[in-house]
Amino acid sequence: MSVEYKVVKHASPGVKGGGEYKYYPRITNRRTVKVKELCKHIALMSTFSEGDVMGVLHTFITEIPDLLKDNCSIDLEGLGIFSLHASGEGCDTEEEVTAQKITNTKIAFRPSKRLKTEVSGTKFIKARNFK
């Protein structure tokens with residue numbers, strides 16, 4: 001297994017007029033694996049049917065938003081942690097900060113150490129037909 005990358009040219013960030021250009025590697029040609037295909041893979045590796053796996057994953061996907069809105073972090077041991085984060089308007093005093101000042105929420109995912117270790121040895125190859 002290997003991951004393809006291409007070379008891209010970018011100007012220095014935050015420099016008026018672009019500044020100095022440098023070349024960077026960027027992963028390319030990703031293939032998307034949909035839930036149905038993932039369920040087939042899991043079913044082949046276990047005693048569960050594809051339908052059983054699909055049912056569990058569908059229920060899991062449905063439960064994530066409710067758990068996050070209930071102020072829970074979801075620790076999928078061995079995979080990582082999902083958590084809800086909020087950002088908002090800055091105020092001059094602590095008393096001015098209210099729920100109405102929250103302007104954005106996002107879901108963060110922190111991969112586990114095991115997952116980071118598993119992908120740390122990834123082999124990369126340069127994609128063809130990119131300049």
Side-chain angles (χ1 to χ4, degrees):
M1 289 186 283
S2 56
V3 175
E4 290 185 358
Y5 71 93
K6 65 181 178 179
V7 179
V8 295
K9 182 179 178 182
H10 281 290
S12 301
V15 177
K16 190 173 183 176
E20 182 181 342
Y21 283 86
K22 292 192 177 187
Y23 295 88
Y24 299 90
R26 292 292 183 259
I27 292 176
T28 187
N29 296 334
R30 284 186 180 96
R31 184 175 76 84
T32 301
V33 176
K34 303 263 183 174
V35 173
K36 187 166 179 66
E37 185 178 350
L38 178 61
C39 290
K40 284 181 182 179
H41 284 276
I42 293 170
L44 289 172
M45 297 174 60
S46 69
T47 59
F48 301 108
S49 72
E50 186 180 329
D52 292 337
V53 176
M54 180 69 82
V56 169
L57 286 180
H58 176 73
T59 303
F60 171 70
I61 292 166
T62 303
E63 282 297 306
I64 289 175
D66 291 336
L67 290 168
L68 292 172
K69 290 191 290 186
D70 199 26
N71 203 27
C72 296
S73 290
I74 304 160
D75 187 354
L76 301 174
E77 298 169 11
L79 184 63
I81 300 172
F82 287 94
S83 56
L84 189 64
H85 294 261
S87 58
E89 299 173 22
C91 298
D92 293 328
T93 65
E94 187 176 336
E95 292 77 23
E96 291 179 272
V97 179
T98 64
Q100 288 74 28
K101 299 292 183 179
I102 296 173
T103 57
N104 190 33
T105 56
K106 70 176 186 174
I107 299 170
F109 175 73
R110 264 192 343 256
S112 69
K113 288 180 183 178
R114 184 197 67 79
L115 189 61
K116 288 180 190 178
T117 301
E118 289 283 329
V119 299
S120 67
T122 301
K123 294 180 181 165
F124 294 93
I125 58 171
K126 194 170 190 176
R128 296 179 184 183
N129 301 326
F130 282 99
K131 293 184 178 186

Phe124 vs Tyr5 aromatic rings, parallel, tilted or perpendicular, using cut-offs 30° and 60°?
perpendicular
Shortest non-hydrogen contact from Pro65 to Thr62?
CD-O, 3.4 Å
Would you say that Thr105 contacts Leu68 through its side chain, given a criterion of any heavy-atom pair below 4.5 Å between the two side chains?
no
Which of these, Arg128, Lys6, Glu4, sits in a side-chain hydrogen bond (donor to acceptor under 3.5 Å, both in side chains) with Asn29?
Glu4
Correct closest heavy-atom pair for Ser112 and Gly78 would be OG-O, 2.9 Å
Starting at CE of Met1, measure out to NZ of Lys123 and round the result to the nearest 0.5 Å.
9.5 Å
Show the nearest heavy-atom pair for residues Pro111 and Lys116, with the distance to one decimal.
O-CE, 3.6 Å
All side chain to side chain contact (heavy atoms under 4.5 Å, CB included) counterparts of Glu118, not counting sequence neighbours:
Arg114
Decide whether Val33 and Leu57 are clustered together by the hydrophobic rule: side chain heavy atoms of Ile, Leu, Val, Met, Phe, Trp, Tyr closer than 4.5 Å, transitively.
yes
Is Tyr23 reachable from Tyr21 through a run of hydrophobic residues whose side-chain heavy atoms are each under 4.5 Å from the next?
no
In the single-linkage hydrophobic clustering (I, L, V, M, F, W, Y; side-chain heavy atoms under 4.5 Å), do Leu76 and Val56 co-cluster?
no
Counting only heavy atoms not in Glu77, do more than 12 fall under 6.0 Å of its CD?
no
Measure the CG-OG distance between Asp75 and Ser83 for me, rounded to the nearest 0.5 Å.
10.5 Å
Cluster check Ile64, Phe109: I/L/V/M/F/W/Y, side chain < 4.5 angstrom:
yes
Locate the shortest heavy-atom distance separating Thr32 from Glu37; write the atom from each residue and the value.
O-OE1, 4.4 Å
Taking the side chain as every heavy atom from C-beta outward, state whether Lys126 and Val7 have any pair of such atoms under 4.5 Å apart.
yes
Run His85 and Ser87 through side chain to side chain donor-acceptor pair (under 3.5 Å) and show every step you take.
CA-CA 7 Å; His85 294 261; Ser87 58; over 6 Å; no
Any chain of hydrophobic side-chain contacts (each under 4.5 Å) joining Met54 to Ile61?
yes
Any side-chain heavy-atom pair from Leu84 and Ile107 closer than 4.5 angstrom?
yes
So, for Leu79 and Leu115, which heavy atoms are closest and what is the spacing to 0.1 Å?
O-CD2, 3.4 Å
Where is the tightest heavy-atom contact between Ile81 and Ser73, given as atom of each residue plus distance?
CG2-CB, 4.0 Å
Would you say the side chain of Glu50 lies within less than 4.5 Å of the side chain of Lys36, judging by non-hydrogen atoms?
yes
Within 6.0 Å of CZ in Arg110, more than 12 heavy atoms from elsewhere:
no
Does the side chain of Phe48 come within less than 4.5 Å of Ile42's, by heavy atoms?
no
